[in-house]
Amino acid sequence: MSSRLAVLSSHLIHVSAAMASEKEAALAATPSDFTIFDKIINKEIPSTVVYEDDKVFAFRDIQPQAPVHIVIIPIVKDGLSGLSKAEERHIDILGRLLYTAKLIAKQEGLDDGFRIVINDGPKGCQSVYHIHVHLLGGRQMNWPPG
Ligand code: DGP
C-alpha cells in the first residue's frame with residue numbers, strides 16, 4: 001500500500017471511530033506516542049485551521065458539539081498524552097493551551113461566554129492521546145455536563 005493510501009485509510013478508520021458514540025471511540029482508543037493529531041499538524045490530513053503559531057495549533061473539530069467547536073493542541077506534546085500524565089515541566093504547555101483558548105474565543109466572537117473541556121482517559125471520553133483543549137461556544141451550555 002502506498003504511504004499516501006495508508007495515511008488515508010488510517011484516517012478513514014479514525015473518522016469512523018469518531019462517528020461512533022464518543023464513549024465507543026474513547027474505549028477504542030489506545031494511547032500511543034504518534035496520533036492522528038501529528039498528521040493534522042503536519043497537514044498530511046487536512047483540517048480547518050483557526051490558529052497556528054510556533055507552539056500551538058488549533059482546528060475545527062470534525063464532529064462539532066456546538067456551533068463553534070475547536071480543538072487546541074501543542075505542536076510538541078513532550079509525552080503529554082493526557083492531563084493525567086502532566087508533570088511540572090508541562091506547566092508551560094498547559095498554560096499556553098488555555099491562554100490560546102482565550103485568544104481564539106475572542107477571535108471567534110464568543111464574547112458572551114464559552115466552555116473549555118479536557119477529556120482524560122476512557123471514562124473521560126478521551127479518544128486521541130495527544131493533550132488537547134476543546135473550545136465550545138455559540139450556544140447556551142448546560143450544567144451538569146453529560
Ligand atoms: P477527545 O475525544 O477529547 O479525545 O477529542 C478528540 C477530538 O478530535 C474529537 O472531538 C474529534 C476530533 N477529531 C478526531 N479526528 C479528527 C480529524 O481527523 N479531524 C478533525 N478536524 N478533528 C478530529
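Not measured: the values here are computed from a predicted model. Start at 1 and go down the list; that is how both ligands and their atoms are numbered. FYI, side chains are in, hydrogens and waters are out, and symmetry mates aren't considered; it's all heavy atoms of this structure.
Every atom of ligand 1 with a heavy atom of Asn119 under 4.0 Å away is listed here by number and element: 1 (P), 2 (O), 3 (O). Counting atoms of ligand 1 from 1 in the listed order, those under 4.0 Å from a heavy atom of His132 are 1 (P), 3 (O), 4 (O), 5 (O), 6 (C). The distance from ligand 1 to the heavy atoms of His134 drops below 4.0 Å at these ligand atoms: 1 (P), 3 (O), 5 (O), 7 (C), 10 (O). Close contacts between ligand 1 and Gln126 involve ligand atoms 4 (O) [criterion: under 4.0 Å to a heavy atom].
Checking only distances, Ile36 never comes within under 3.5 Å of ligand 1, N or O to N or O. Note: an N/O pair closer than 3.5 Å links Val128 and ligand 1 by distance alone.
Note: the hydrophobic cluster containing Ile73 also contains Ile45 (ILVMFWY, side chain heavy atoms under 4.5 Å, direct or indirect links). No continuous path of hydrophobic side-chain contacts links Val76 to Ile93 [ILVMFWY only; heavy atoms under 4.5 Å]. Note on Val49: it does not cluster hydrophobically with Ile104, by side-chain heavy-atom contacts below 4.5 Å among ILVMFWY residues.
Proximity of Gln65 to ligand 1 is not established, as no heavy-atom distance is less than 4.0 Å. Using 4.0 Å as the threshold, Lys39 has no heavy atom nearer than that to any atom of ligand 1.
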Go through Phe59 and Glu52 one step at a time and tell me if the side chain to side chain contact (heavy atoms under 4.5 Å, CB included) criterion holds. CA-CA 9 Å; Phe59 52 94; Glu52 190 175 3; over 6 Å; no
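If you look at Phe37 next to ligand 1, the close heavy atoms, those under 4.0 Å, all belong to the side chain. Under 4.0 angstrom from ligand 1, there are no non-hydrogen atoms of Gln63. Proximity of Arg60 to ligand 1, defined as any heavy-atom pair under 4.0 Å, is confined to the backbone N, CA, C and O atoms. Heavy atoms of Ile40 found under 4.0 angstrom from ligand 1 belong exclusively to the side chain.
When side chains are defined from C-beta on, Tyr51 does not count as touching Ile70, because their heavy atoms never get closer than 4.5 Å. Side-chain contact check for Ile131 versus Ile118: some heavy-atom pair is nearer than 4.5 Å. Residues Lys85 and Glu87 have side chains not in contact (no heavy-atom distance under 4.5 Å, counting atoms from C-beta outward).
Using cut-offs of 30° and 60° for the angle between ring planes, the His132 and His134 rings count as perpendicular.
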